[in-house]
Student: 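Please find one structure pasted underneath; my questions will follow.
Because only heavy atoms are used, hydrogens play no part in the values below, and waters and symmetry mates are left out as well, while side chains stay in.
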Amino acid sequence: MIGRLAIQMSNIEGALSRVLGLVERRGFRLQAVAMSPCDEGSALTVDVEMKDAGRSFDVLALQLGRLREVRTVSFSTAAGEAMS
């Protein structure tokens, strides 16, 4: 299954590396990454694919939200389900 993560984050040193590294370590393949500036940092959009059916977008979003540089995380699946 493929999903899209929308992440608002601070521009601190190593932030992008930590976010993308966590996504890969949690069993997701990066399909596309786009980053743009926003009012208080950056808006990051990441398309990911589960490596196997045992993975959960919900758990990934919670884990990303625990990173100190991440302000908000939401995701939607290819089927259009939006979740925060």
Side-chain angles (χ1 to χ4, degrees):
M1 178 187 285
I2 296 177
R4 175 169 285 172
L5 296 162
I7 304 166
Q8 298 289 322
M9 56 186 253
S10 301
N11 288 333
I12 59 176
E13 187 174 332
L16 182 60
S17 175
R18 280 188 291 280
V19 168
L20 297 179
L22 188 143
V23 170
E24 288 190 319
R25 285 190 307 277
R26 297 300 181 230
F28 291 84
R29 285 185 192 94
L30 296 170
Q31 298 295 316
V33 177
M35 191 171 189
S36 60
C38 66
D39 293 338
E40 296 180 20
S42 295
L44 181 64
T45 303
V46 184
D47 291 346
V48 296
E49 179 181 14
M50 293 179 182
K51 288 183 181 176
D52 58 62
R55 306 299 170 181
S56 167
F57 286 110
D58 293 328
V59 173
L60 178 60
L62 288 172
Q63 292 169 336
L64 286 167
R66 291 184 184 137
L67 294 176
R68 63 185 172 137
E69 53 272 300
V70 173
R71 294 195 179 115
T72 63
V73 179
S74 62
F75 85 90
S76 60
T77 63
E81 301 173 23
M83 306 181 111
S84 296

Student: Verify the cluster assignment for L22 and M35: are they in a single hydrophobic cluster under the rule of side-chain heavy atoms below 4.5 Å apart?
Tutor: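 Hydrophobic grouping puts L22 with M35.
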Student: If I compare all heavy atoms of A61 with all of F75, which pair ends up nearest, and what's the gap?
Tutor: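 Heavy-atom minimum between the residues: CB-CD2, 4.4 Å.
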Student: Which atom pair, heavy atoms only, marks the closest approach of M50 to R29?
Tutor: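 It is O-NH1, 3.8 Å.
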Student: State, with a plain yes or no, whether a side-chain heavy atom of L67 is found less than 4.5 Å away from one of M9.
Tutor: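 They are not in side-chain contact.
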Student: Verify the cluster assignment for M1 and V46: are they in a single hydrophobic cluster under the rule of side-chain heavy atoms below 4.5 Å apart?
Tutor: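 Cluster IDs for M1 and V46 match.
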Student: Just to verify, what does D52 make a salt bridge (Lys or Arg N to Asp or Glu O under 4.0 Å) with, not counting sequence neighbours?
Tutor: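 Applying salt bridge (Lys or Arg N to Asp or Glu O under 4.0 Å) to D52 gives R55.
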Student: In Å, rounded to the nearest 0.5 Å, how long is the span from CD1 of I7 to CD of E69?
Tutor: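 These two atoms lie 10.0 Å from each other.
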Student: Which atoms form the tightest heavy-atom contact between R18 and R25, and what is the distance?
Tutor: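 Closest pair (atom of R18, atom of R25, distance): O-NH2, 4.3 Å.
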Student: Out of curiosity, I12 CD1 to S42 OG, how far, rounded to the nearest 0.5 Å?
Tutor: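 The CD1 atom of I12 sits 11.0 Å away from the OG atom of S42.
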Student: Side chains of Q8 and E40, heavy atoms from C-beta outward: is any pair under 4.5 Å?
Tutor: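 They are not in side-chain contact.
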Student: How long is the straight-line distance from CD of E24 back to CG of L30, given to the nearest 0.5 Å?
Tutor: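 Answer rounded to 0.5 Å: 4.5 Å.
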Student: Applying the side-chain contact (heavy atoms from CB on, under 4.5 Å) criterion to V19, which one of V73, L5, L64 satisfies it?
Tutor: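 Passing option: L64.
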Student: Can you name the nearest heavy-atom pair linking S10 to A15, along with the distance?
Tutor: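 Nearest heavy atoms, S10 then A15: O-CB, 3.7 Å.
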Student: From T77 OG1 over to F57 CZ, what is the distance, rounded to the nearest 0.5 angstrom?
Tutor: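 Going from OG1 on T77 over to CZ on F57, the span is 7.5 Å.
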Student: Should R4 and T45 be marked as a side-chain hydrogen bond (donor to acceptor under 3.5 Å, both in side chains) after you check the CA-CA gap, both sets of side-chain angles, and the distance that decides it?
Tutor: CA-CA 7 Å; R4 175 169 285 172; T45 303; 5.9 Å; no
